Every structure is written in C-alpha cells, then in structure tokens.
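Both ligands and their constituent atoms are indexed starting at 1 by order of listing. Keep in mind that the numbers below use all heavy atoms, side chains included, and drop hydrogens, waters and symmetry copies. All values derive from a computational prediction rather than experimental measurement.
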Amino acid sequence: MSRLLIMGAGGVANVAIHKCCQNSDVFTEICIASRTKSKCDAIAESLKGKTKTAITTAAIDAMDVPAVVRLIKDYKPDALLNLALPYQDLALMDACLEAGIDYIDTANYEPEDTDDPKWREIYEKRCKEKGFSAYFDYSWQWDYEEKFKKAGLTGLLGTGFDPGVTSVFAAYAKKHYFDSIDTIDILDCNGGSNGYAFATNFNPEVNLREVSAPGSYMEDGKWIEIPAMSIKREYNFAEVGPKDMYLLHHEEIEALGRNMPEVKRIRFFMTFGQSYLDHMRCLEDVGMLSTSPVMFEGREIVPIKFLKTLLPDPATLGPRTKGKTNIGCIFTGKKDGKKRSIYIYNVCDHEECYKEVGSQAVAYTTGVPAMIGAMMVVSGKWKKAGVFTTDEFDPDPYMEALNKWGLPWTVEENPVLVD
Ligand code: NDP
C-alpha cells in the first residue's frame with residue numbers, strides 16, 4: 001500500500017504509470033504531475049476502468065522547488081519518481097529533502113544550458129576532477145549523499161534499463177557467478193525500425209547530447225576518453241542478428257567503477273544504423289546540436305530545442321516500431337580459481353510492448369525498471385539512508401521483479417566476447 005508522485009508524462013512515464021497500475025497492490029494511489037497537464041490527463045484517461053490504482057493529476061514546473069514541496073505536502077506521497085528530464089534532478093531532490101520523502105530517477109543530472117558561462121566554469125572544473133567530458137555525471141547527485149543520510153531518506157539514482165538494470169545485472173553476477181569480475185561490457189542493441197530516416201527513441205535533446213559526447217571507458221581505475229563514435233565493433237545479438245555498435249560514455253561506467261573498483265575494464269556499446277549516424281553528423285556540423293541560443297528573425301532560439309520540435313515525438317513511435325531490443329552485460333572473471341564468462345541480457349519486442357502499454361520497447365525497457373525501483377523503495381526492500389545506484393542493493397528481489405513485470409532475462413555461459 002503506497003502513494004507515489006510521478007513527475008513527467010512522456011514516453012517513459014506512460015509505461016511506468018501503466019505498470020504501477022498493473023501493480024495496484026503496491027501502488028494504491030498515484031499522482032501524475034507534469035508541465036503539460038493535458039498529457040497527464042490523457043494517460044489517466046487511457047487507464048480509466050482498467051486499474052484499482054486511484055489516479056490524480058496536477059500541473060507543475062519541476063524546477064519550482066516551493067511549488068513541488070507544496071504539492072508533496074498536499075498529496076503526501078511516500079516517494080517521488082522523477083520521469084521528467086535529467087535537468088530537473090537536483091530541483092526535485094531538493095524538494096524531496098525539504099518535504100521529507102524518498103527520491104527515485106532514471107537518468108543522472110546534467111545542466112540544461114551547458115554553454116551558459118555560469119555553468120561552463122563549474123562544468124569545466126568538474127570535468128578536470130572527474131576525468132571525462134560528457135555533460136552528464138553522478139557527481140552532482142552524489143554531493144547529496146550527506147543530506148539524504150542526515151534526513152534518513154533514500155535517493156535511488158538511475159533505475160531505467162541502462163543505467164539501472166545493467167547495474168543490477170552486475171550486482172547479480174558478482175553475488176551468484178563470480179569470486180572476482182575482471183571486465184564488464186554493457187551492450188545496448190536496438191534492432192527495431194520506426195520507418196523514419198531519423199528519429200530518437202527517447203527525448204531527442206537528451207539523446208543527441210548523450211551520443212554526440214566524446215566516448216569513454218574505464219581501465220585500471222582510469223578514464224580513457226576517445227572522440228565520439230571512434231570505436232566500432234560488430235556483434236551478433238540473440239534474436240536480433242549482427243549489428244554495428246559504438247563505444248559511448250555512459251552513467252553506469254562511473255557508478256560501477258566507483259562501487260566495484262576491482263573490475264579492470266568497463267565499457268559501454270550502443271548500436272546505431274548508418275542513417276542515424278549520417279544525420280547526426282550533419283546536424284552537428286551545421287550547429288543544430290548546440291545548446292547556445294542564436295538570434296533568428298529577431299528572437300532567440302536554442303538550436304537543439306528547435307530541432308526537437310521538428311523531430312518525431314518518441315511517445316508517438318509506438319505504433320510504427322517493429323523489431324526487438326537486446327540489452328545486457330558480458331562479464332569475465334574467476335570462480336573457484338577458474339576463468340568464467342557470462343552474458344546476462346533481456347530481449348524485448350517493440351510490437352508486443354505497444355500492444356501491452358501503447359509504447360515502443362525503448363520506453364518500455366526504461367519504464368518497467370522505473371516502476372520496479374519505486375516498488376523496491378516503497379516496499380522497504382531497498383531502503384537505506386543516502387544516495388545510491390542500483391548496484392548497491394541486494395539484486396535478487398529486483399531480478400525476480402524483472403521476470404514478473406515483463407523484462408525476463410537470460411544467463412548465457414561462455415558468450416562470444418567483444419575484442
Ligand atoms: P519525454 O521528453 O517524452 O518526457 C519528459 C516529460 O517531462 C514530459 O512530459 C515533459 O513535459 C516533462 N517535463 C519536462 N520539463 C519539465 C518541467 N520543468 N516540469 C515538469 N515537467 C517537465 O522524455 P522520455 O519519457 O523519453 O524520458 C524521460 C526520462 O527517462 C529522461 O530523463 C530520460 O533521460 C530517461 N531515460 C532513461 C533511460 C534509461 O535506460 N535509464 C532510457 C531512456 C530515457 P512536456 O510534456 O510539457 O514537455
């Protein structure tokens with residue numbers, strides 16, 4: 001029995017809300033709050049008569065901390081699930097601290113305007129300290145550790161699929177399959193097609209900022225940074241087939257590198273088709289991925305925000321996306337003195353997801369773990385004071401929940417390794 005406040009009403013939120021409503025024994029009441037209330041109402045309407053969960057909706061600007069605190073005090077939720085954008089993470093953590101409730105999200109903080117001189121200075125200092133230059137990183141939210149500890153509250157960071165499930169896979173491999181892990185390769189394959197020459201599967205602005213950042217991986221405790229998309233491999237994915245994949249910087253490398261320092265190398269690869277890469281390169285070359293405002297016909301516009309208005313809304317891709325995703329981790333290491341390697345992965349079908357909750361598999365594979373993470377916190381299974389990533393708890397109840405709530409996983413011994 002719990003009451004959850006969900007921020008955001010986009011593609012990922014739609015899935016998480018559907019899943020909370022399938023899980024009414026745990027989520028007896030939810031409030032969907034977002035900037036555009038009509039989107040919250042549309043999701044609530046689509047669930048009318050189909051769930052025992054009581055749903056209310058509210059209009060809110062997540063950056064307005066006093067307004068969020070008022071909403072929390074009024075609605076009295078047990079926790080806040082942030083499915084708005086990473087730019088809002090810190091404001092929402094502040095609101096949770098002030099109102100005294102637990103906080104959960106799926107993506108780590110990044111400043112919205114990275115070209116603003118005020119941010120630029122702080123950001124460049126942080127880049128030097130952390131050793132890589134992607135905009136997004138955990139340092140901002142790890143800085144809340146003491147405040148959450150002191151308040152006796154849980155901050156669960158990054159409970160999507162990647163980050164999220166991939167780090168739970170790592171904790172599970174460590175607990176059940178290895179005495180020591182040497183390498184982790186996280187492979188994210190979207191073998192689906194939506195028929196557009198260029199469209200992103202989740203928020204275009206956040207997605208394009210992520211994939212156009214320099215790539216990086218961790219080796220022997222140090223970051224190695226490479227130009228964006230400069231390391232490419234081919235991998236034959238179960239139920240999808242062979243795909244080109246590229247090494248990217250990603251959140252879980254940072255968290256696993258900190259929490260499992262014995263691992264010698266951690267890398268992250270994501271598949272991209274040639275059409276996506278050609279479009280992205282061209283947009284970058286002409287300045288369309290810039291976050292700096294430019295003057296256009298007498299008014300300021302931010303190129304990447306303007307681009308977002310032109311691209312298909314990821315929440316509308318569901319009915320046109322076909323094919324499957326395959327996301328998982330390959331681990332190598334030792335067990336009982338012998339070398340061992342395993343691959344833990346999930347395969348998800350875009351069309352099946354659409355039939356179930358009206359969203360494609362990228363939103364589904366994020367929204368289901370968001371609901372599971374919230375369930376772990378509100379049920380008390382994952383309840384500690386402080387700020388944590390998903391590899392810092394017992395993985396077993398989360399792994400069980402993945403099987404139950406639509407993301408079953410497979411463990412393969414001796415998989416083909418990535419060179
Ligand atoms: P969308 O853009 O579809 O939805 C974002 C929602 O947040 C919208 O409803 C938007 O409102 C709302 N929002 C934005 N700004 C504010 C604000 N200031 N106040 C209140 N509401 C606001 O994004 P997605 O659903 O695709 O992604 C949601 C999150 O999931 C992102 O943080 C993304 O990074 C993360 N993600 C994580 C993954 C993982 O595996 N860990 C994978 C994919 C995504 P409006 O409708 O008015 O614009």
message = Do Thr159 and Thr390 pair up side chain to side chain, a donor and an acceptor below 3.5 Å, judged on atom types alone?
response = no
inquiry  = Closer than 4.0 Å to some heavy atom of Asp61 - which atoms of ligand 1 meet that?
reply    = 17 (C), 18 (N), 19 (N)
query = Angle class for the His279/Phe198 ring planes (parallel below 30°, perpendicular above 60°, tilted otherwise)?
reply = parallel
remark   = Rounded to the nearest 0.5 Å, the OG atom of Ser275 sits from the CE atom of Met280 at a distance of 12.0 Å
request  = Work out whether the distance between some heavy atom of Gly164 and some atom of ligand 1 is less than 4.0 Å.
outcome  = no
key: Proximity of Tyr172 and Trp409 rings by center, below 6.0 Å   = yes
Heavy-atom side-chain proximity of Tyr345 to Val411 below 4.5 angstrom = no
note = Residue, atom and distance of the protein heavy atom nearest atom 34 (O) of ligand 1 read Ala107 CB, 3.5 Å
inquiry  = Can you confirm whether or not the ring centre of Tyr246 sits under 6.0 Å from the ring centre of Phe269?
reply    = no
Test of proximity, Asp313 against ligand 1: N or O pairs below 3.5 Å = no
ask   = Please state which protein non-hydrogen atom is closest to atom 31 (C) of ligand 1 and give its distance, to 0.1 Å?
value = Ala84 O, 3.3 Å
remark   = ligand 1 atoms nearer than 4.0 angstrom to some heavy atom of Thr36 are 45 (P), 46 (O), 47 (O)
message = Taking a cutoff of less than 4.0 Å between a non-hydrogen atom of the residue and any ligand atom, is Gly11 in contact with ligand 1?
response = yes
request  = For atom 23 (O) of ligand 1, find the nearest protein heavy atom and state the residue, atom name and distance (0.1 Å precision).
outcome  = Asn203 CB, 3.7 Å
key: Sub-4.0 Å heavy-atom contact, Pro86 with ligand 1   = yes
message = What I want to check is whether the side chains of Glu210 and His250 have a donor and an acceptor closer together than 3.5 Å.
response = yes
query = Who are the ring-ring contact (aromatic ring centres under 6.0 Å, His included) partners of Trp142, not counting sequence neighbours?
reply = Tyr138
task = Compute the minimum heavy-atom distance from Ala9 to ligand 1 and say whether it is under 4.0 Å.
result = yes
request  = List every atom of ligand 1 that sits less than 4.0 Å from any heavy atom of Lys39, numbering the atoms from 1 in the order shown and giving each element.
outcome  = 45 (P), 46 (O)
query = Looking only at protein heavy atoms, which one is nearest to atom 35 (C) of ligand 1, and how far off is it?
reply = Thr106 OG1, 3.3 Å
note = Within 4.0 Å of some non-hydrogen atom of Phe161, the atoms of ligand 1 are 39 (C), 40 (O), 41 (N)
ask   = So which heavy atom in the protein is nearest atom 33 (C) of ligand 1, and how far is it from that ligand atom?
value = Phe202 CD1, 4.1 Å
ask   = Any side-chain donor-acceptor pair under 3.5 Å between Thr106 and Thr366?
value = no
ask   = So which heavy atom in the protein is nearest atom 5 (C) of ligand 1, and how far is it from that ligand atom?
value = Leu85 CD2, 3.8 Å
note = Per-atom filter on ligand 1: closer than 4.0 angstrom to a heavy atom of Pro163 are 41 (N)
remark   = Logged contact type for Gln88 with ligand 1, heavy-atom cut-off 4.0 Å, is side chain
ask   = To which protein heavy atom is atom 24 (P) of ligand 1 closest, and what is the distance rounded to 0.1 Å?
value = Val12 CG2, 3.8 Å
request  = Check each atom of ligand 1 against the heavy atoms of Leu83 and keep those under 4.0 Å away; list them by number with element.
outcome  = 28 (C)
inquiry  = Taking the six-membered ring for Trp, are Phe393 and Phe388 closer than 6.0 Å centroid to centroid?
reply    = yes
query = Does the side chain of Asn190 reach to within under 4.5 Å of the side chain of His350, using non-hydrogen atoms?
reply = yes
ask   = Looking at Tyr235 versus Phe237, is the centre-to-centre ring distance below 6.0 Å?
value = yes
note = The atoms of ligand 1 lying under 4.0 Å from a heavy atom of Val206, numbered in the order shown, are 34 (O)
ask   = Hey, which atoms in ligand 1 end up nearer than 4.0 Å to a heavy atom of Gly160?
value = 39 (C), 40 (O), 41 (N)
query = Without hydrogens or angle criteria, can the side chains of Ser2 and Asp78 be said to hold a donor-acceptor pair below 3.5 Å?
reply = no
ask   = Pick one: which of Asp105, Leu92, Ile32, Leu83 meets side-chain contact (heavy atoms from CB on, under 4.5 Å) with Met7?
value = Leu92
request  = Looking only at protein heavy atoms, identify the closest one to atom 42 (C) of ligand 1 and say how far it is in Å.
outcome  = Thr366 OG1, 3.1 Å
ask   = Do ligand 1 and Ala62 have nitrogen or oxygen atoms that lie under 3.5 Å from each other?
value = yes
ask   = Can you find an N or O of Gly10 that's nearer than 3.5 Å to an N or O of ligand 1?
value = yes
